[in-house]
Amino acid sequence: MAEDVAVLAGGCFWCTEAVFNDVVGVKSVESGYTGGSVDNPTYKQICGGNTGHAEAIRITFDPEAISYPELLEIFFATHDPTQLNRQGNDVGTQYRSAIFPQSPEQETEAVNAKAAANVDWLGAIVTTIEPKAQWWPAEDYHQEYWSGEGQRNPYCIATIPPKLQKLRKSFQARLKSAAANA
């Protein structure tokens, strides 16, 4: 089985991780930090907004089951790519909307996906396409956050279900849970 990696930042990594965990072809989703200047950053450092990192997710996926452009379509549909350096109440460059292509092919596909999304969002996309950067996994307690602690966290309870509803409404055929029920 083939394997590829996508690195995306769409605000809080707890929220984007929850979305992609139920997508067919996604093997794993890891929360972490990328795009900054500090080696092995901590969550506390990232929250300060001074390291240049984005809260991001690293998706390992099977490109025979889901393509990189399809992942980007889901990405643009399940967060607000029109907010500069913020998602809802999370404000700062660490919450920016960004794509970190892992290859020249992914960069071309990211440019094309952003252009297509710009049509849907009436030209208001602020998502950046940034160079591949060092990946730093977030601390263990951030991994699979929604399936554990997140369901008791008021912020997550208010933020994640609407994203999951968008996913279920627009991408029903791409869901692991839908495939299991078929």
Enquirer: Do the side chains of D62 and K27 get nearer than 4.5 Å, heavy atoms only?
Expert: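 Yes, close enough: below the 4.5 Å cut-off.
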
Enquirer: Is there a continuous path of hydrophobic side-chain contacts, each under 4.5 Å between heavy atoms, that joins I59 to V7?
Expert: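 Shared cluster, no.
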
Enquirer: Roughly how far, to the nearest 0.5 Å, is the CD atom of E107 from the CG atom of N112?
Expert: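 That separation rounds to 11.0 Å.
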
Enquirer: Going from CZ on F171 to NZ on K166, what distance comes out if it is rounded to the nearest 0.5 angstrom?
Expert: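 The NZ atom of K166 is 10.5 Å from CZ of F171, to the nearest 0.5 Å.
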
Enquirer: Atom CG of N153 and atom OG1 of T159: how far apart are they, to the nearest 0.5 Å?
Expert: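 Output value for this atom pair is 8.5 Å.
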
Enquirer: Considering only distance and modelled atom types, tabulate donor-acceptor pairs under 3.5 Å from the side chains of residues 88-95, sequence neighbours left out.
Expert:
from	atom 1	to	atom 2	distance (Å)
D90	OD2	Y155	OH	2.4
Q94	NE2	C47	O	3.1

Enquirer: Answer yes or no: are there more than 12 heavy-atom neighbours, outside N50 itself, under 6.0 Å from its atom CG?
Expert: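 Result for CG/N50: open.
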
Enquirer: Indicate yes or no for a side-chain donor-acceptor contact from Q106 to the backbone of Q102 under 3.5 Å, with no hydrogens or angles considered.
Expert: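 Yes: the side chain of Q106 pairs with the backbone of Q102.
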
Enquirer: Decide whether S67 and E70 meet the rule of one side-chain donor and one side-chain acceptor closer than 3.5 Å.
Expert: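 Checked: S67/E70 side chains pair up, N/O donor to acceptor below 3.5 Å.
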
Enquirer: Side-chain donor-acceptor pairs under 3.5 Å in residues 10-18, sequence neighbours left out?
Expert:
from	atom 1	to	atom 2	distance (Å)
W14	NE1	H142	ND1	3.0
T16	OG1	F13	O	3.4
E17	OE1	E144	N	2.9
E17	OE1	Y145	N	3.1
E17	OE2	S31	OG	3.3
E17	OE2	E144	N	3.1

Enquirer: Kindly give the heavy-atom pair with the smallest separation between C156 and P161, and that separation in Å.
Expert: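 The pair with the smallest heavy-atom distance is O-CD, 3.3 Å.
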
Enquirer: Nearest 0.5 Å, what's the CD-CD1 distance between E73 and I66?
Expert: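 These two atoms lie 9.0 Å from each other.
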
Enquirer: Using 0.5 Å steps for rounding, measure from the CG atom of L175 to the CG atom of D22.
Expert: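 Atom-to-atom, L175:CG and D22:CG are 5.0 Å apart.
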
Enquirer: In terms of hydrophobic clusters joined by side-chain contacts under 4.5 Å, are V29 and I99 together?
Expert: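 Linked within one cluster.
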
Enquirer: So which atom in L72 and which in A110 form the shortest heavy-atom distance, rounded to 0.1 Å?
Expert: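 Closest heavy-atom pair between L72 and A110: CD1-CA, 3.7 Å.
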
Enquirer: What about F76 and F61, same hydrophobic cluster or not, with Ile/Leu/Val/Met/Phe/Trp/Tyr joined at side-chain heavy-atom distances under 4.5 Å?
Expert: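 Looking at the clustering, F61 is in the same group as F76.
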
Enquirer: Determine yes or no for a side-chain-to-main-chain donor-acceptor pair under 3.5 angstrom, with Q45 supplying the side chain and T42 the backbone.
Expert: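 Checking the backbone N and O of T42 against the side chain of Q45, a donor-acceptor pair under 3.5 Å is found.
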
Enquirer: Is it true that F20 and F100 fall in one hydrophobic cluster, defined by side-chain heavy atoms closer than 4.5 Å?
Expert: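 In one cluster with F20: F100, no.
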
Enquirer: Which atom pair, heavy atoms only, marks the closest approach of A9 to A54?
Expert: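 Closest approach of A9 to A54: CB-CB, 3.8 Å.
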
Enquirer: Hey, can you pull the donor-acceptor pairs under 3.5 Å for the side chains in residues 122-139, sequence neighbours left out?
Expert:
from	atom 1	to	atom 2	distance (Å)
T127	OG1	S97	OG	2.6
T128	OG1	E130	OE2	2.6
E130	OE1	R96	NH2	3.2
E130	OE2	R96	NE	2.8
W135	NE1	E30	OE1	2.8
E139	OE1	Y33	OH	2.6
E139	OE2	Y43	N	2.8

Enquirer: Distance-only, no hydrogens or angles: does the E3 side chain make a donor-acceptor pair with backbone N or O of T60 under 3.5 Å?
Expert: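 Not a single qualifying donor-acceptor pair exists.
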
Enquirer: Which value, rounded to the nearest 0.5 Å, describes the distance between H79 atom NE2 and L8 atom CG?
Expert: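 Rounded to the nearest 0.5 Å, the NE2-CG separation comes out at 8.5 Å.
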
Enquirer: Given the rule in the side chain to side chain contact (heavy atoms under 4.5 Å, CB included) test, do D80 and Q87 qualify, once you have shown the distances and angles that lead to the verdict?
Expert: CA-CA 7 Å; D80 186 347; Q87 283 295 300; 3.8 Å; yes

Enquirer: Would V5 and I74 show up in the same hydrophobic cluster when neighbours are defined by side-chain heavy atoms closer than 4.5 Å?
Expert: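 No, no single cluster joins them.
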
Enquirer: Can you check whether V24's main-chain N or O pairs, donor with acceptor, with K176's side chain at less than 3.5 Å?
Expert: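 Here the side-chain-to-backbone pair does not exist.
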
Enquirer: How far apart are the C-alpha atoms of L164 and W146, what are their side-chain angles, what is the distance that settles it, and do they pass the side chain to side chain contact (heavy atoms under 4.5 Å, CB included) test?
Expert: CA-CA 11 Å; L164 295 175; W146 174 242; 3.7 Å; yes

